[in-house]
Amino acid sequence: MDILAALNPAQREAAEAINGPVLILAGPGSGKTRVITHRIAYLVKVCGISPHRIMAVTFTNKAAREMEERLKKLISGSVKELTMGTFHAICARILRQDGRVVGVEPRFVIYDRADQLSLVKRAIKETGFDPKQYIPSAVLSVISNSKSQVITPEAFIQRGSGNFDEVTGRTYEKYQQLLNQSNALDFDDLLMKVVQLFDSQPEVLDKYQERYIHLLVDEFQDTNLVQYRLVKQLAGKYRNVCVVGDPDQSIYSWRSADLRNIMNFEKDYPEARVVLLEQNYRSTKAILETASNIISANQERKPTQLWTENKQGELINIVSASTQQEEAQYVVNEVERLLRQGEVRLADCAVMYRTNAQSRALEEAFIRYGTPYKLVAGTRFYERREVKDVIAYLRLIHNQQDSVSLLRIINIPQRSIGERTLSQLASWANSLGISHYRALQLAVNPEDDKQPPFNPRTIRVLSGFYEIMEELIIRSRELGLVELFNLVVKKTGYREYIMNTTDGEERWENVLELRTVARQYSDLEPVEGLSVFLEGVTLVSDVDTYDESVGAVTLITLHQAKGLEFPVVFIVGLEEGILPHIRSFDDPAQMEEERRLCYVGVTRAKKRVYLIYALRRNLMGSSTANSPSRFLKDIPSHLIAGADLWRGEESQLRGSISCWESDTPAITIDLPELKAGDRVIHSQFGRGVVVSCHPVNDDSEVVVAFPGMGVKKLLLSFARLEKVG
DNA sequence: CGAAAGGCTCTTTTT
DNA sequence: GAGCCTTTCG
């Protein structure tokens, strides 16, 4: 059987070009996953390459799993030997294996963003700065950015200039120290340490280069510099490296993803073969054309020639709602309508949005109508307090140096160990150059020359915690993960503790849910099981747990939607300030990324697209009015199904698409009384004079002349008009 | 030390 | 609207 028979010529070329570097520029829906899987199958089945010697890097664990599934069907053999996963997962594995030579102990724990923030904050304080003046999240993002470019604290300090850099540099240094002391790595370290490992240990690098003679990297447009260097190191010998990406779908620059990686690829590998995949198998012509129109407004891009043999399909629906509640209601109504028509199933529909906060109104509507939905991420399961608490216990059992975990749970449930005690413990530990846990140990069982700075009462409470931990640590060597889990909950009285908090029942359910996750690891050896579990829970992403087979509408951020596809896509919040997000307004490059985000959303759709905006939206408590997104203006009208001006229960069609051209929909809480000659101020158009004002339905139509901006026809309830003079 | 209440700030996207 | 911090009181 010809493994490549099912591919089109371009796909086939990409799959077959196994010798030397290959850059595949794959438009949305062009079958890139297909190419990758077939390429691997071809390598194994036709070229006789052992799966053991192939590494495929994916963007999410879910993508890796799916690829594995597909491969199982293509090659009836062991796929297990393949190295497939995210950069982070693969690097964690490498470091457990070989990290020791660069000072990474195999028992390291991985700090997620919340852990990082708490550690940065501590670093700021311990460096003698004020975390209120230097915002931990801002400092962290600079640190993270530096790590993504393999800039060490020393290098950062050297090149730095200005006060903020000085503070950040010293904090960065301290932060790395604290990580080190905690035997912990953050997300960025996982990558950076491997690059440093390969740089400093040629024989280790050689081992990996010899093993992985074929490399594949998916979503290459979203790799950062460390990742690029890593790939370059690994491919340094055989240069069989195949990267797949689409510059138009690059949406992670804020995570230091660098589009230059694609440009540099052709520079670093001048012999690279470049393959373009431009035929789209996913979307209708109308959808593809809409997407192309949106993306072509970007300046910093090469034009592409996407095409499809699919039919023209339905026109794009642009919908105006007056509030986010109505917007959500519209979505649910429309889903229900499509369902009734028997056109689609629930699972065919997805609602996409720019920010997680937008999911709330949608959820409420879905709940109200009883329409099944699944929220990707929103729960942020692993970020929940109760889940983090239990994980912190398990982490501390696994690695007693983990100070973030220790500080998190030493007084949870309450043991009367307060701030004072903790700062004494910390400074004592620091002065002796030992970990918090070791200091705790010494406080409970003092050695002659080290007198603990605590009174007897404090020592008693500390000892209570210490005894629990010691027992848990000892038992962890023999207990399966679930038994250990149960023992932790029992010994700490966690159930009683959490049941006494608000939403106690629900929180306890989450703890039980975490135990269900733990169960999947219970057939591993005790210590091994714990270690693998802990790594698993920090490296999962929300899409990883996403199950498309569940019969429910998907609620998902545009970022998470990358790589997915749905017959019906609703994109909500197409407003200036939301999509594009307000934070992109002063930076053209960021604005282009917002546009790409919109493009990613639209290209997820196979058959139907709804682009929805709300004239008024609650943001941070207060109500704001936004104009419809500029991206809507780039959709030619022949592709638009007549924008529905959708108004509440009457679901009334106004059949006009010009609403955002002649009018900036907006609303004021107090409607001013207006008559001809009145002077007004509009948030967009500035000062103007009222020409006329007459009632329309329950509203008033106001015609205003804005000097230099023209004469505008506005609806009083929507326009944010302020009367002056 | 801890619980409760009030005040503050900040809101993008996530491996 | 939420999460974090500070203040206050027991």
Side-chain angles (χ1 to χ4, degrees), chain A residues 57-64 85-92 110-114 116-118 121 131-132 135-138 140-141 144 147-148 185-192 219 222-224 226-227 250-257 352-361 376-378 380 382-385 411-422 457-458 461 497 500-502 535-544 556-562 573 577-585 587 590-591 593-594 596-598 600-601 617-624:
Chain A
V57 186
T58 57
F59 195 69
T60 61
N61 298 295
K62 179 170 181 277
T86 62
F87 275 110
H88 292 88
I90 290 172
C91 286
I110 302 167
Y111 280 175
D112 66 14
R113 185 174 156 85
Q116 290 177 53
L117 273 176
S118 99
K121 199 168 163 189
K132 268 184 228 142
I135 320 273
S137 61
L140 177 59
S141 90
S144 172
K147 288 188 182 183
S148 302
L185 301 179
D186 65 16
F187 285 136
D188 305 307
D189 282 340
L190 291 174
L191 310 172
M192 187 175 74
E219 305 287 6
D222 283 321
T223 53
N224 62 28
V226 203
Q227 292 165 340
S250 157
I251 52 175
Y252 281 93
S253 73
W254 51 275
R255 219 170 73 185
S256 308
M352 302 177 185
Y353 37 83
R354 177 66 235 266
T355 68
N356 282 303
Q358 290 170 257
S359 68
R360 167 153 306 169
V376 181
R380 296 299 175 94
Y382 291 103
E383 286 168 31
R384 298 184 143 260
R385 190 178 87 191
N411 198 35
I412 285 182
Q414 283 80 26
R415 304 189 173 90
S416 296
I417 301 172
E419 206 181 314
R420 228 180 100 75
T421 306
L422 286 183
R457 195 199 77 90
T458 308
V461 293
Y497 160 74
N500 268 327
T501 61
T502 40
E535 182 167 309
V537 297
T538 28
L539 293 183
V540 283
S541 70
D542 296 302
V543 271
D544 292 340
I556 191 169
T557 65
L558 286 161
H559 282 90
Q560 293 168 333
K562 189 177 73 164
I578 307 283
L579 182 63
H581 195 270
I582 191 162
R583 302 268 283 236
S584 66
F585 281 7
D587 180 350
Q590 278 193 51
M591 183 56 82
E593 183 150 317
E594 296 291 306
R596 292 193 293 267
L597 202 47
C598 186
V600 166
R617 179 177 297 277
N618 288 327
L619 267 174
M620 295 180 255
S622 57
S623 176
T624 51

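So that the names make sense, note that chain A is the first sequence line, chain B the second, and so on, each numbered from 1.
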Minimum heavy-atom separation for [X] and [Y], please, with both atom names.
| X | Y | answer |
| --- | --- | --- |
| A:A64 | A:T58 | CB-OG1, 3.5 Å |
| A:I135 | A:K132 | CD1-O, 3.9 Å |
| A:L539 | A:A89 | CD1-CA, 3.7 Å |
| A:F585 | A:P580 | CE1-O, 3.8 Å |

Review item, nucleotides 2-9 of chain B N/O atoms under 3.5 Å of protein N/O:
| from | atom 1 | to | atom 2 | distance (Å) |
| --- | --- | --- | --- | --- |
| B:dG2 | OP1 | A:S416 | N | 2.8 |
| B:dG2 | OP2 | A:N411 | ND2 | 3.2 |

Exercise for the section: For A:S584, answer base if it contacts any base atom (sugar-phosphate contacts may also be present), sugar-phosphate if it contacts only those atoms, and nothing otherwise; contact means non-hydrogen atoms under 4.0 Å. Expected result: nothing

So [Y] and [X], do their side chains get closer than 4.5 Å, heavy atoms only?
| X | Y | answer |
| --- | --- | --- |
| A:T421 | A:V461 | no |
| A:I110 | A:L190 | yes |
| A:R617 | A:Q358 | yes |

Fill in the blank from the handout: Between A:I135 and A:E593, whichever has its closest DNA chain B nucleotide further toward 5' is A:I135

Using nucleotides 5-10 of chain C, report all nitrogen or oxygen pairs with the protein that are shorter than 3.5 Å.
| from | atom 1 | to | atom 2 | distance (Å) |
| --- | --- | --- | --- | --- |
| C:dC5 | OP1 | A:K121 | NZ | 2.1 |

Just the atom pairs and distances: protein N or O near nucleotides 1-3 of chain C's N or O, under 3.5 Å.
| from | atom 1 | to | atom 2 | distance (Å) |
| --- | --- | --- | --- | --- |
| C:dA2 | OP1 | A:R360 | NH1 | 2.9 |

Exercise for the section: Calculate the interatomic distance between A:L579 atom CG and B:dT13 atom P; express it in whole Å. Expected result: 13 Å

Handout entry: Interatomic distance where CZ belongs to A:R113 and C1' belongs to B:dT13 [whole Å]
Key =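 From A:R113 CZ to B:dT13 C1': 11 Å.
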
Considering just the side-chain nitrogens and oxygens of [X], establish if one lies under 4.0 Å of OP1 or OP2 belonging to [N].
| X | N | value |
| --- | --- | --- |
| A:T60 | B:dT15 | no |
| A:N356 | B:dT14 | yes |
| A:T557 | B:dT14 | yes |

Handout entry: Between A:S253 and A:E593: side-chain donor-acceptor atoms closer than 3.5 Å
Key = yes

Handout entry: For C:dT7, the Watson-Crick or wobble counterpart (both distances under 3.5 Å)
Key = B:dA4

Exercise for the section: Using modelled atom types only, decide if a donor and an acceptor are shared between the side chain of A:T86 and the backbone of A:T60 within a distance under 3.5 Å. Expected result: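 Flag not set: sc A:T86 to bb A:T60 has no pair under 3.5 Å.
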
Practice task
Can you establish whether the number of heavy atoms outside A:Q414 located under 6.0 Å from its atom CD is more than 12?
Solution key: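 Yes, because the 6.0 Å sphere around CD of A:Q414 holds more than 12 heavy atoms from other groups.
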
Exercise for the section: Check whether the aromatic ring of A:W254 stacks on the base of B:dT13, taking stacking as ring centres less than 5.5 Å apart and planes within 30° of each other. Expected result: yes

Practice task
For C:dC4 and B:dT13, measure between their C1' atoms and round to the nearest Å.
Solution key: 22 Å

Practice task
Mind telling me whether A:Y252 and A:F59 have parallel, tilted or perpendicular rings, with 30° and 60° as the class edges?
Solution key: tilted

